[in-house]
A.B. asks: 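Structure incoming, see below.
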Amino acid sequence: MSARPANAGEPFGPKEPFGPKESFSPKEPFSPEEPFSLEEPVRILRVAVPSPLRRSFDYTLPTDSTTAPDSLQPGIRVRVPFGNRELTGILLEVSDTTSVNLNKLKPAIEILDQTSLIPAHLLSLWLWAARYYQHPVGDALHTLLPTGLRGKAQANIKKRKNDAVLDDAAEADHPDREDELTSEQQQARNDICAMSDQFQCFLLDGVTGSGKTEIYLQVINDTLSHNRQVLVLVPEISLTPQTLARFRQRFVDRSIAVMHSGLTPRQRLNAWLLAAKGDADIVIGTRSAIFTPLARPGLIVIDEEHDSSFKQQDGFRYSARDLGVMRAQRESIPIVLGSATPSLESLHNALSGRYQHLRLTRRPGNARLPVTRLLDTAQQTLEEGFSSELIQSIRQHIDKGNQALVFINRRGFAPVLQCRDCGWTAECLHCDARMTLHRTPAHLRCHHCERRQPVHTHCPECQGKSMLAVGIGTERSEALLQRHFPDTRVIRVDRDATSRKNDLNDLLAEINQGGPCILVGTQMLAKGHHFPAVTLVAVLDADSGLFSADFRGQEFMAQLLVQVSGRAGRSDDAGKVGEVLIQTRHSTHQSLQTLINQGYHALAEQLLSERRLAAMPPFAAMALLRAEAMNAAAPAQFLHTARLQAEQLLTQMPDGHQVQISGPLPAPMEKRANRYRQQLILRSTHRANLQNLLSVLCQQLEQMSTQRSVRWSVDVDPQDMI
Ligand code: ADP
Ligand code: ZN
Ligand code: ZN
């Protein structure tokens with residue numbers, strides 16, 4: 001029997017469009033000699049083991065194994081020795097070659113699964129994701145398994161009393177009926193349903209309140225009638241219990257598995273297994289649910305696709321939206337990305353014809369889009385951030401029995417505590433940031449590292465006794481509004497006011513009773529809520545987003561303003577017309593003018609042409625190499641070496657000049673939680689070149705000795721530059 005030659009190159013997975021090229025395939029650290037050629041037909045288990053190393057590991061079969069090696073499916077869990085520990089890894093393949101000396105290979109300890117829990121196409125997506133995002137394969141795969149499967153436990157569904165992840169039909173009050181669709185809605189629904197058995201990506205681009213959710217529900221119904229499962233991704237389930245309630249009410253006799261971070265490991269595992277076995281018809285979850293296996297996949301829906309929560313910001317930094325599109329392609333099913341404010345990436349794909357663009361331009365029934373006005377506050381004396389015109393408008397809406405919503409992008413009482421005499425401000429010892437003043441209870445808190453301290457009674461610099469609260473946070477606005485409207489309920493909605501489990505639900509329930517009240521809050525109020533009694537939305541200060549250093553700053557600003565404005569005027573009652581007032585000191589700012597007068601899409605197209613000229617995403621691929629350390633100089637030194645190595649590698653690559661490197665530069669907040677942070681920005685209009693460079697560079701950086709004192713990470717397609 002002849003052994004096949006060892007494949008010292010790509011150790012895992014099928015070839016992918018962005019995979020390393022032959023000449024740049026990562027070298028196995030353990031290949032001292034010629035590939036070991038095997039005389040005996042020994043079978044090698046190639047396993048992804050949770051470790052920070054970007055490679056897989058080889059083992060021989062467990063000594064007591066009676067299983068025929070060729071019946072072992074990729075994707076099963078294998079218990080293996082690793083250093084002096086025992087770990088659970090995932091089998092990638094059974095091979096008859098290895099680049100390790102056979103005498104040095106250890107036997108695996110135990111085969112944990114009889115059959116793979118992860119379908120082959122999904123495993124290949126997991127592997128592709130690990131490689132695309134340049135994350136160590138073992139660690140990536142490990143984090144994709146539900147916690148309950150990361151040890152030795154069997155993959156069985158165990159139900160205890162409180163583990164009801166499948167929603168009880170009894171919980172829904174009345175089945176909800178389908179709305180009769182507007183013609184725009186019908187068109188969109190028919191277009192999606194027509195593609196029910198093939199891959200197609202749809203951008204459902206519909207103004208706020210245009211009935212996107214109604215389309216999801218009807219298309220999902222169609223998919224379920226073909227006996228297929230549906231995966232729905234939403235930004236944050238806990239923030240939008242109403243969306244979940246609509247699903248429950250519409251699909252009373254279907255099983256719905258819900259997956260989010262609030263579940264116990266057992267609940268999560270149950271939901272995962274029900275999805276994998278095909279027993280859950282609908283899976284609704286946040287970001288990580290994109291990796292859930294489905295036995296009979298039929299449709300993926302990603303609601304609010306522009307939301308930055310779909311990108312994981314630490315560890316394995318994947319984008320659930322982008323992987324959703326990859327996944328739908330592999331499963332030959334349609335995917336719907338929905339938003340009133342599509343990301344520039346998705347919009348670009350829709351405009352260039354890669355995605356099918358479905359537009360909804362109006363609200364159904366009598367609901368109308370609100371009228372938006374800018375209030376220039378540059379020449380005005382404000383009372384704690386409020387112009388007198390704004391207070392008057394709030395009064396008019398409240399007097400009519402309606403609700404007003406005031407949006408402020410900052411929680412706490414005031415963002416700055418300052419000495420009136422010498423100008424000293426309270427700063428965090430551990431971050432390049434000011435401490436935020438909170439009033440209930442009184443303390444100073446750093447919003448970047450959560451450090452707290454008592455409020456200074458006098459200035460530590462000059463001993464002066466007049467300490468001023470400068471700037472406006474939600475707590476301060478709440479107090480001011482309560483003074484102006486002593487007989488009206490003022491409801492504050494932010495992370496501090498909703499820290500306990502049912503706080504938010506209680507507040508939302510109160511708002512939805514519909515009585516006159518004033519809502520004051522942060523982004524939490526902007527996300528997907530349907531508040532029919534809200535007729536006025538006020539943005540206290542639009543200016544911070546106008547001058548952001550982040551290249552996506554204006555895009556984010558526009559999305560936030562449109563989303564928060566979209567909470568106004570959603571009632572079907574023709575008398576409840578919506579109004580939006582935006583306070584700014586820069587009412588002539590061009591982006592703001594375009595947004596207000598011509599709408600989101602006009603601004604988006606303007607921003608897209610700027611990005612094209614500057615060769616920024618989506619017209620170029622970008623990656624960020626971040627480094628941080630306790631020592632102020634170490635991160636820059638590390639990244640400087642990384643840059644030299646990258647430049648060296650680029651000289652060996654055919655189109656190496658197509659990758660641009662800038663930095664090392666300090667991160668926008670250089671010091672955070674006592675660590676100094678620097679970054680290197682890599683960009684290319686040829687994504688494959690960037691990916692090839694990164695895969696070799698990361699292998700090299702892994703071997704560097706400074707690695708011990710410097711923490712580094714790579715972020716492919718970074719969402720924000722912090
Ligand atoms: P979006 O998801 O685009 O914000 P929704 O689907 O939540 O919009 O719809 C907003 C409101 O309009 C909801 O109360 C919904 O029930 C209602 N609605 C949606 N489509 C129709 C329709 N065709 N006829 C009447 N009301 C509708
Ligand atoms: Zn002072
Ligand atoms: Zn801090």
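Order of appearance sets the numbers: ligands from 1, and atoms from 1 within every ligand.
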A.B. asks: Spell out, as yes or no, whether a donor-acceptor pair under 3.5 Å connects the side chain of R228 to the backbone of S196.
C.D. replies: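 Judged by distance alone, no pair lies under 3.5 Å.
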A.B. asks: Does the N or O separation between G365 and ligand 1 drop below 3.5 Å for any pair?
C.D. replies: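 There is no such contact.
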A.B. asks: With a cut-off of 6.0 Å (strictly less than), are more than 12 heavy atoms of other residues, nucleotides or ligands near CD of E180?
C.D. replies: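 Not buried by this count: 12 neighbours or fewer within 6.0 Å.
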A.B. asks: Compare all side-chain heavy atoms of R321 with those of S343 and state whether any distance is below 4.5 angstrom.
C.D. replies: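 Yes, side chains in contact.
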A.B. asks: Short list, please: which atoms of ligand 1 are under 4.0 Å from a heavy atom of T213?
C.D. replies: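 By the 4.0 Å cutoff, the relevant atoms are 2 (O), 6 (O), 7 (O).
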A.B. asks: For L204 and Y216, which heavy atoms make the closest approach, and how far apart are they?
C.D. replies: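 Here L204 and Y216 meet closest at CD2-CE2, 3.8 Å.
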A.B. asks: Donor-acceptor pairs are to be reported for all side-chain atoms of residues 451-473 against protein atoms at under 3.5 Å, with residues two or more places apart or in another chain.
C.D. replies:
unit_1	atom_1	unit_2	atom_2	d
R451	NH2	Q453	OE1	2.9
R452	NH1	H443	NE2	3.4

A.B. asks: Say whether P364, considering both its backbone and side-chain N or O atoms, lies within less than 3.5 Å of an N or O atom on ligand 1.
C.D. replies: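 N/O-N/O distance below 3.5 Å does not exist for this pair.
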A.B. asks: From atom 18 (N) of ligand 1, work out which of N366, T208, D179 has a heavy atom at the shortest distance.
C.D. replies: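 Among N366, T208, D179, the closest heavy atom to atom 18 (N) of ligand 1 comes from D179.
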A.B. asks: In this structure, which one of E305, E345, H306, E304 forms a side chain to side chain contact (heavy atoms under 4.5 Å, CB included) with L337?
C.D. replies: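 Per the side chain to side chain contact (heavy atoms under 4.5 Å, CB included) rule, the option paired with L337 is E305, out of E305, E345, H306, E304.
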A.B. asks: Mind checking whether G206 has a heavy atom under 4.0 Å from ligand 1?
C.D. replies: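 No heavy atom of G206 comes that close to ligand 1.
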A.B. asks: So, with waters excluded, how many protein N/O/S atoms does the Zn ion (ligand 3) have closer than 2.8 Å?
C.D. replies: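 The number of such protein atoms is 4.
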A.B. asks: Apply salt bridge (Lys or Arg N to Asp or Glu O under 4.0 Å) to R373 and E579, showing your working.
C.D. replies: CA-CA 8 Å; R373 211 149 45 85; E579 182 181 6; 3.4 Å; yes
A.B. asks: Under 2.8 Å from the Zn ion (ligand 2), which protein N, O or S atoms are there? Could you list them by chain and number?
C.D. replies: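 Listed by chain and number, the atoms are C419 SG, C422 SG, C459 SG, C462 SG.
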A.B. asks: With heavy-atom distances below 4.0 Å as the criterion, list the atoms of ligand 1 near T182.
C.D. replies: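 Result: 23 (N).
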A.B. asks: Out of curiosity, is R570 lining ligand 1, as in a heavy atom under 4.0 Å away?
C.D. replies: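 Yes, R570 has a heavy atom closer than 4.0 Å to ligand 1.
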A.B. asks: Heavy atoms only: which of K212, E180, R246, E214 is nearest to atom 15 (C) of ligand 1?
C.D. replies: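 When every heavy atom of K212, E180, R246, E214 is considered, R246 comes closest to atom 15 (C) of ligand 1.
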A.B. asks: Does some side-chain heavy atom of R363 sit less than 4.5 Å from a side-chain heavy atom of L369?
C.D. replies: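 The answer is yes; the side chains approach within 4.5 Å.
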A.B. asks: R411 and side chain to side chain donor-acceptor pair (under 3.5 Å): which single residue from T474, D496, D494 fits?
C.D. replies: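 The passing option is D496.
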A.B. asks: Pairs of donor and acceptor atoms involving the side chains of residues 423-434, under 3.5 Å and at least two apart or interchain, shall be tabulated with distances.
C.D. replies:
unit_1	atom_1	unit_2	atom_2	d
D432	OD2	E670	N	3.4
D432	OD2	K671	N	2.8

A.B. asks: Just wondering, do P532 and N512 contact through their side chains at under 4.5 Å, heavy atoms?
C.D. replies: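 Heavy-atom side-chain distance check passes, below 4.5 Å.
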A.B. asks: So do the side chains of L224 and I282 get within less than 4.5 Å of each other, counting heavy atoms only?
C.D. replies: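 Yes, at least one pair of side-chain atoms sits under 4.5 Å.
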A.B. asks: So, K311 and D720, do they make that salt bridge, N to O below 4.0 Å?
C.D. replies: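 No, this pair does not count.
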